[in-house]
There are 2 protein chains.
Amino acid sequence: MRDIIQQVKDWQAAGETQIVLATIVETRGSSLRPSGTRMALNSKGDIAGSVSSGCVDGDVVAEMEAVLNGESLLRRPFFGVTDELAWGAGLACGGSIDVLVEPWQPLYAVLIEELEARNTVAFASRLDKPSHLLNKANGDTLGTLGDPDLDGAVLMDIAAAWPLPYAQKHAYPQGDVLIEVIPPPPTLLIFGATDFAVPLANMAQILDFSVIVSDARRAFLREEKFPGAEVRFGWPQEVFQPADIGSGWAVVVLFHDLKFDVPALSLALMSEAFYIGFMGSQKTQSERRAALAANGFKDSALDRIYGPIGLNIGGKSPGMIALSILSEIVAVWNRRDGGMMRQRKQEVLYV
Amino acid sequence: MRDIIQQVKDWQAAGETQIVLATIVETRGSSLRPSGTRMALNSKGDIAGSVSSGCVDGDVVAEMEAVLNGESLLRRPFFGVTDELAWGAGLACGGSIDVLVEPWQPLYAVLIEELEARNTVAFASRLDKPSHLLNKANGDTLGTLGDPDLDGAVLMDIAAAWPLPYAQKHAYPQGDVLIEVIPPPPTLLIFGATDFAVPLANMAQILDFSVIVSDARRAFLREEKFPGAEVRFGWPQEVFQPADIGSGWAVVVLFHDLKFDVPALSLALMSEAFYIGFMGSQKTQSERRAALAANGFKDSALDRIYGPIGLNIGGKSPGMIALSILSEIVAVWNRRDGGMMRQRKQEVLYV
């Protein structure tokens, strides 16, 4: 959804009121785009996004035009491709996608608001008629799937999936529902405006992370080094409260200096950060753990620290070390282990 | 060396003739910068680079000033730090660094030329007097370490280390020598100017890779999508010969289309590329392998292909997939496995 927001808003600002959305409900086998991916069509024929990076978009657009022209309120095209046909007009790599095509619903405006505010939000879409339910991070619920029991069951399944990225079709007695939990891209808080922080901040922004760089040393923390990032000057505990650092935050501590490391790590350990990375050798890791333990942190808490930091990809340049750190953050965010994809035994479902 | 070239050249362009270099010869325990890292000082007191990211740079500069002032021709400061002193004025994380301080030598100008031409180059530095030997990729040797037998022995050790990144102190009967082999940053050749190619090209340039993007589809291969990269329009075999693709090249095939994938992979397999990555599911991997096998490629050749491509860090956005690919390339370049650093058993020597 996030990738088409700006185009949809531009259309609406230009007075467009007729918009049709296509949403991937389910994929089997290999498909390039995951469930929850959306494409939009307006009355002028403009298209935003893609549900297949090309191969079946044309057919999906035909279904969207049918809804736009009022021929039906909702369509459920399914593109299953046999091996023999895989290289014909269908999905390049075999597999299948199940798509929901429906006209724009008012609740989509709320969904966009929540995504733009970078709030985690849940969105449920009934697959047999255009009806939705939206659950905000503050607990508010908007909309209905047309049946109080169904709404209740869906809200329970939303709670179980919250707050990690999620998009899955659920079957209920009342019908099938696509449930999505959509967190914002992570916020990366970098403590220590070092040489390593610069490529780390740049690369994280390519991934659409929010980036904050903090240091108490003016000579290091120069704003022009970190375009696009927020900079916060001061000691860790002066410029952040643990409650500021939510479950969508990754904290990276690069100071390499006891007097900054311990306050920064303490703050991170008292927060809900999903990732805490600390740059330093095994020896430095042990020393900091000892200092933190002396301050009352238990082993189970200290085990949240990823250190020595990063994936084992080698390289000593700031860019390569930044790459190693960012890859580990993404792996933890997605609950993966970092090893090489080709060494996994099972069928790999992406791409 | 690469990081200080521009500053040194600027100094020289401004008429500066007195330059002193400090080179890390050896590190023990944990140290932030590896052997071969250089710092430069000119007669105005300007400094380029760093040998310790701060902690002992001041002491090294004092040694450099002594050489600059003609007090000695060469200095060998050694900074060993006991655990007790580690948080004093020394190296933050313990360990030690052994540094060579010497005045600018004419052979450094040749070294800079080779690095700027992105040629792999070997450089040997005698540690008891300022004398050097340089070995070019074309086999030419310049300079001498002052003893033909020593030169011969060093050239053999250079050949053994060639062409991967290398910096190591060697002991010979005539004295100690720092041997460095310095390849240029890799060249990344991306076949398929897709959505994934854009963040991949951007991030690779942050790592100082040379990036080439090639596609036969004009609609995809728009130069403005790939700032800083070279674009080559045409079919793989029309725009590249296998001999163009050297041992410092990584080739990534993102077409996801049989008619482009097979020529691109064939070309890569006939080249010396250190990495060949192919985006596609296990099923697609098998199909392409079968097609390549039918064209005469043996299993041992096909095993060079990394596919499914990338490290297992999850995420389906183009940025996250690009991050996964680039991390795998760097891991292969440095002969690492990609797993999390904190899960390695042995002492980690970096940082």
- With rounding to the nearest 0.5 Å, note down the distance linking CD1 in A:Ile325 to OG in B:Ser327. 11.5 Å
- Against chain B, label A:Ser317 side chain, backbone, both or neither, depending on which of its atoms sit under 4.5 Å from a heavy atom there. neither
- Message: For A:Phe255, which atoms come within 4.5 Å of any heavy atom of chain B: side chain, backbone, both, or neither?
- Response: neither
- Contacts of B:Thr37 meeting side-chain hydrogen bond (donor to acceptor under 3.5 Å, both in side chains) (sequence neighbours excluded), chain-then-number -> none
- Task: Count the heavy-atom pairs under 4.5 Å between each of A:Val332, A:Leu326, A:Asp208 and chain B, then report the option with the highest count.
- Result: A:Leu326
- Query: chain A: which of B:Gln285, B:Met203, B:Lys259, B:Arg2 shares the most heavy-atom pairs with it under 4.5 Å?
  - Reply: B:Met203
- Side-chain contact test, heavy atoms from C-beta onward, threshold under 4.5 Å: evaluate it for B:Ile313 versus A:Asp337 and give yes or no. no
- Query: In Å and rounded to the nearest 0.5 Å, what is the CG to CG distance from B:Leu323 to A:Leu323?
  - Reply: 5.5 Å
- Structural part of A:Ile329 lying under 4.5 Å from a heavy atom of chain B: neither
- Task: Heavy atoms only, distances under 4.5 angstrom: which of B:Asp3, B:Thr194, B:Ile305 has the most pairs with chain A? Name it, please.
- Result: B:Ile305
- Item | Structural part of B:Phe278 lying under 4.5 Å from a heavy atom of chain A | neither
- Non-hydrogen side-chain atoms of A:Ile206 and B:Ile206 separated by less than 4.5 Å: yes
- Grab the two heavy atoms, one from B:Leu207 and one from A:Met320, that are nearest each other, plus how far apart they are. CD2-N, 3.4 Å
